[in-house]
Visitor: 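Pasting in a structure now, in structure tokens, and then I'll have a few things to ask.
Read the numbers this way: they start at 1 and go in the same order the structure lists the ligands and their atoms. Only a predicted model underlies this, so the values are computations on that prediction, with no experimental measurement involved. Computed from heavy atoms alone, side chains included, the values below leave out hydrogens, waters and symmetry copies. For the single chain, residues carry numbers from 1 onward in sequence order.
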Amino acid sequence: MSKKSILSLMRPTGKLHLGHYLGVLTNWVKLQDDNDCYYGVADWHALTTKFDETDTLKQNTTEVLLDWFASGIDPDKSKVYLQSLIPETAMLHIYLSMVTPQNWAERDPTLKDMVKIMKEKGSNEESLSYGLIGYPILMSADILNFDADYVPVGIDQVAHIEITRDIARRFNNIYKTDILKEPRPKLTEIPLLKGMDGNKMGKSFHNDIKISDDEETTTKKIMTAITDRSRLRKTDLGHPDECEVVYPYWKIFGNNEEVNEIKCNCEKGLIGCADCKRCLAKKVNEKMADVREKRKYYENNLSLVNEIIVEGSKKARIKAREVLDKVEKAVRVYR
Ligand code: TRP
Ligand code: SF4
């Protein structure tokens with residue numbers, strides 16, 4: 001049986017956090033062994049909202065790549081590429097945009113949410129660009145350009161995959177062909193990781209722990225985490241199930257024995273929250289040590305990172321070219 005092809009991209013938002021690591025990257029890493037994987041940095045998608053903030057674009061792209069390689073994304077197993085190094089995707093985007101009814105893009109719920117958030121943050125009509133409306137069509141081009149069977153994404157991206165399927169079907173109907181493959185979303189079981197304040201972990205909430213944080217920073221951040229709010233003194237009996245951040249983290253980072261011990265000691269008032277957090281920080285740091293060491297290695301070899309991405313993009317282009325050739329033939333542009 002031939003390998004399935006798997007594709008996913010991430011916007012270059014800068015340093016990634018533990019939510020990305022546990023929820024996305026460990027899953028991408030697992031998929032590498034038995035599939036034909038394409039992992040890309042969507043720098044064009046970043047421009048759909050940040051076209052006027054490009055001074056950090058390159059640095060943010062590098063940070064994301066460092067976090068990927070540190071987490072085990074392996075350029076010998078997967079094609080790791082940069083969206084803007086695949087001109088075929090821009091060309092495919094043009095062809096797809098012609099057959100996509102305008103209101104399909106306008107109805108896209110994820111896009112609507114993005115626009116809503118931008119408006120709340122004070123964006124005016126001029127910062128909502130033509131390129132932003134094309135967000136789902138560009139994403140369709142990313143996916144269809146590589147014949148992807150599966151696209152591992154979070155639930156918020158599923159609407160985009162639905163549009164991709166609709167566009168593929170419409171293209172195939174119009175040009176009486178079957179060249180575009182309808183992809184399926186592969187929902188990642190994301191164990192929703194909370195930030196230190198109990199809200200969803202996110203860069204903009206300033207409640208996150210970065211993959212790249214050092215041990216001291218990690219410990220400091222964990223020491224600020226909220227705990228069972230009814231517990232004031234060390235000897236008060238605790239309620240792990242009402243401890244919204246620290247206890248769930250123990251379940252992720254500790255083994256069964258450790259989790260049971262914490263639970264017991266907390267319920268009996270034998271351990272204080274500060275001590276509990278210090279132990280947890282140690283666990284998290286242990287678990288992340290190899291990843292962080294690997295990140296350091298790549299940080300000190302940035303030319304290697306650049307080489308990997310240039311080579312990966314070259315490899316990825318071969319497939320992208322094949323699909324684009326078929327598309328241009330089907331559309332019958334002059335060749
Ligand atoms: N929109 C995705 C996100 O914000 C990023 C993305 C761009 C993507 N192109 C893609 C994801 C293609 C999967 C497939 O997370
Ligand atoms: Fe949470 Fe640990 Fe405090 Fe119990 S002892 S409330 S598990 S931080």
Side-chain angles (χ1 to χ4, degrees), residues 5-13 16 20 23-24 28 37-50 64 81-84 86 89 92-93 108 110-111 113-114 117 132 134-146 148-165 183-188 190 196 198 222-251 254 258-281 283:
S5 75
I6 303 240
L7 168 137
S8 200
L9 284 81
M10 222 185 254
R11 275 178 290 167
T13 47
L16 303 176
H20 295 118
V24 184
W28 284 16
C37 294
Y38 293 85
Y39 296 129
V41 180
D43 53 345
W44 282 334
H45 276 104
L47 290 176
T48 61
T49 54
K50 304 233 158 136
V64 165
Y81 73 96
L82 186 59
Q83 187 184 36
S84 65
I86 318 288
T89 298
L92 181 57
H93 172 247
D108 180 271
T110 310
L111 188 62
D113 282 349
M114 278 173 79
I117 292 168
L132 179 61
Y135 192 110
I137 296 100
L138 180 56
M139 190 160 153
S140 303
D142 288 329
I143 299 169
L144 299 174
N145 215 171
F146 294 98
D149 293 296
Y150 294 102
V151 185
V153 282
I155 188 89
D156 62 312
Q157 297 293 313
V158 170
H160 290 316
I161 315 282
E162 279 309 314
I163 291 195
T164 306
R165 293 169 60 86
R184 277 194 265 164
K186 191 174 172 55
L187 271 182
T188 5
I190 301 185
M196 297 301 105
I222 291 178
M223 294 311 288
T224 69
I226 57 161
T227 61
D228 172 1
R229 292 171 218 256
S230 65
R231 226 181 154 208
L232 303 174
R233 277 173 305 264
K234 187 171 169 170
T235 48
D236 289 347
L237 307 187
H239 309 86
D241 292 328
E242 278 159 47
C243 175
E244 286 175 50
V245 180
V246 182
Y247 190 59
Y249 270 62
W250 269 112
K251 289 193 195 160
E258 288 160 341
V259 174
N260 283 336
E261 195 181 324
I262 290 293
K263 185 170 156 61
C264 265
N265 287 340
C266 173
E267 282 171 345
K268 291 185 189 148
L270 297 174
I271 182 176
C273 291
D275 285 339
C276 179
K277 289 191 225 181
R278 244 186 301 277
C279 290
L280 174 67
K283 274 274 137 209

Visitor: Is a side-chain N or O of Arg165 found less than 3.5 angstrom from the main chain of Pro183, in a donor-acceptor match?
Guide: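 Side chain of Arg165 to backbone of Pro183, a donor-acceptor pair under 3.5 Å: yes, one is there.
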Visitor: Where is the nearest protein heavy atom to atom 8 (S) of ligand 2: which residue, which atom, and how far?
Guide: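 Here the nearest protein heavy atom works out to Thr227 CG2, 3.5 Å.
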Visitor: So is there a nitrogen or oxygen of Gln157 less than 3.5 Å from a nitrogen or oxygen in ligand 1?
Guide: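 Yes: some nitrogen or oxygen of Gln157 is under 3.5 Å from one in ligand 1.
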Visitor: Is Cys266 close enough that one of its N/O/S atoms sits under 2.8 Å from atom 2 (Fe) of ligand 2?
Guide: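 Here the distance criterion (N, O or S atom, under 2.8 Å) is not met by Cys266, so no.
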Visitor: Show which atoms of ligand 2 fall inside a sub-4.0 Å distance from at least one heavy-atom site of Arg231.
Guide: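 Result: 3 (Fe), 4 (Fe), 5 (S).
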Visitor: Ion pair present between Lys283 and Glu258, side-chain N to carboxylate O less than 4.0 angstrom?
Guide: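 Yes, charged N to carboxylate O under 4.0 Å.
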Visitor: Would you call the rings of Tyr39 and Trp28 parallel, tilted or perpendicular, taking 30° and 60° as the class edges?
Guide: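 The rings of Tyr39 and Trp28 lie parallel, inter-plane angle below 30°.
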Visitor: Is the shortest heavy-atom distance from the side chain of Thr89 to the side chain of Leu138 under 4.5 Å?
Guide: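 Side chain of Thr89 against side chain of Leu138, heavy atoms only: contact under 4.5 Å found.
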Visitor: Are any N, O or S atoms from Cys243 nearer to atom 1 (Fe) of ligand 2 than 2.8 Å?
Guide: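 A backbone or side-chain N, O or S atom of Cys243 is under 2.8 Å from atom 1 (Fe) of ligand 2.
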Visitor: Salt bridge check: are Asp149 and Lys186 linked by an N-O gap of less than 4.0 Å?
Guide: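 The answer is no: the pair does not qualify as a salt bridge.
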Visitor: What atoms of ligand 2 come within less than 4.0 Å of a heavy atom belonging to Asp228?
Guide: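 That gives atoms 6 (S) of ligand 2.
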Visitor: Ile222 and Ala281: which non-hydrogen atoms are nearest, and at how many Å?
Guide: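 Looking at all heavy atoms of both residues, the shortest contact is CD1-CA, 3.6 Å.
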Visitor: Compare all side-chain heavy atoms of Met10 with those of Val24 and state whether any distance is below 4.5 angstrom.
Guide: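 When only atoms from C-beta onward are counted, Val24 and Met10 do touch, with a gap below 4.5 Å.
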Visitor: Passes side-chain contact (heavy atoms from CB on, under 4.5 Å), Gln157 versus Met139? Steps please.
Guide: CA-CA 10 Å; Gln157 297 293 313; Met139 190 160 153; 3.4 Å; yes
Visitor: Nearest to atom 3 (Fe) of ligand 2, what protein heavy atom do you find, and at what distance?
Guide: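 Sorting protein heavy atoms by distance from atom 3 (Fe) of ligand 2 puts Cys273 SG, 2.3 Å first.
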Visitor: Measure the distance from atom 2 (Fe) of ligand 2 to every protein heavy atom, then report the residue, atom name and distance (to 0.1 Å) of the closest one.
Guide: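 Residue, atom and distance for the closest contact: Cys276 SG, 2.3 Å.
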Visitor: Does ligand 1 have a heavy atom under 4.0 Å from the side chain of Ile143, from its backbone, from both, or from neither?
Guide: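 Near ligand 1, Ile143 shows its side chain, while the N, CA, C and O stay back.
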Visitor: Hey, which atoms in ligand 1 end up nearer than 4.0 Å to a heavy atom of Arg11?
Guide: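 Reading through ligand 1 atom by atom, the close ones are 4 (O).
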Visitor: Considering only heavy atoms from C-beta outward, does the side chain of His239 approach that of Arg231 to under 4.5 Å?
Guide: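 No, side chains not in contact.
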Visitor: Considering distance alone, does some N or O of Tyr135 sit under 3.5 Å from an N or O of ligand 1?
Guide: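 Yes, Tyr135 has an N/O under 3.5 Å of an N/O on ligand 1.
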Visitor: For atom 5 (C) of ligand 1, find the nearest protein heavy atom and state the residue, atom name and distance (0.1 Å precision).
Guide: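 Scanning the protein heavy atoms, the shortest distance from atom 5 (C) of ligand 1 goes to Leu9 O, 3.5 Å.
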Visitor: Would you kindly specify which portion of Val151 sits under 4.0 Å from ligand 1, judged on non-hydrogen atoms: side chain, backbone, both or neither?
Guide: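 Looking at Val151 and ligand 1, just side chain atoms fall under 4.0 Å.
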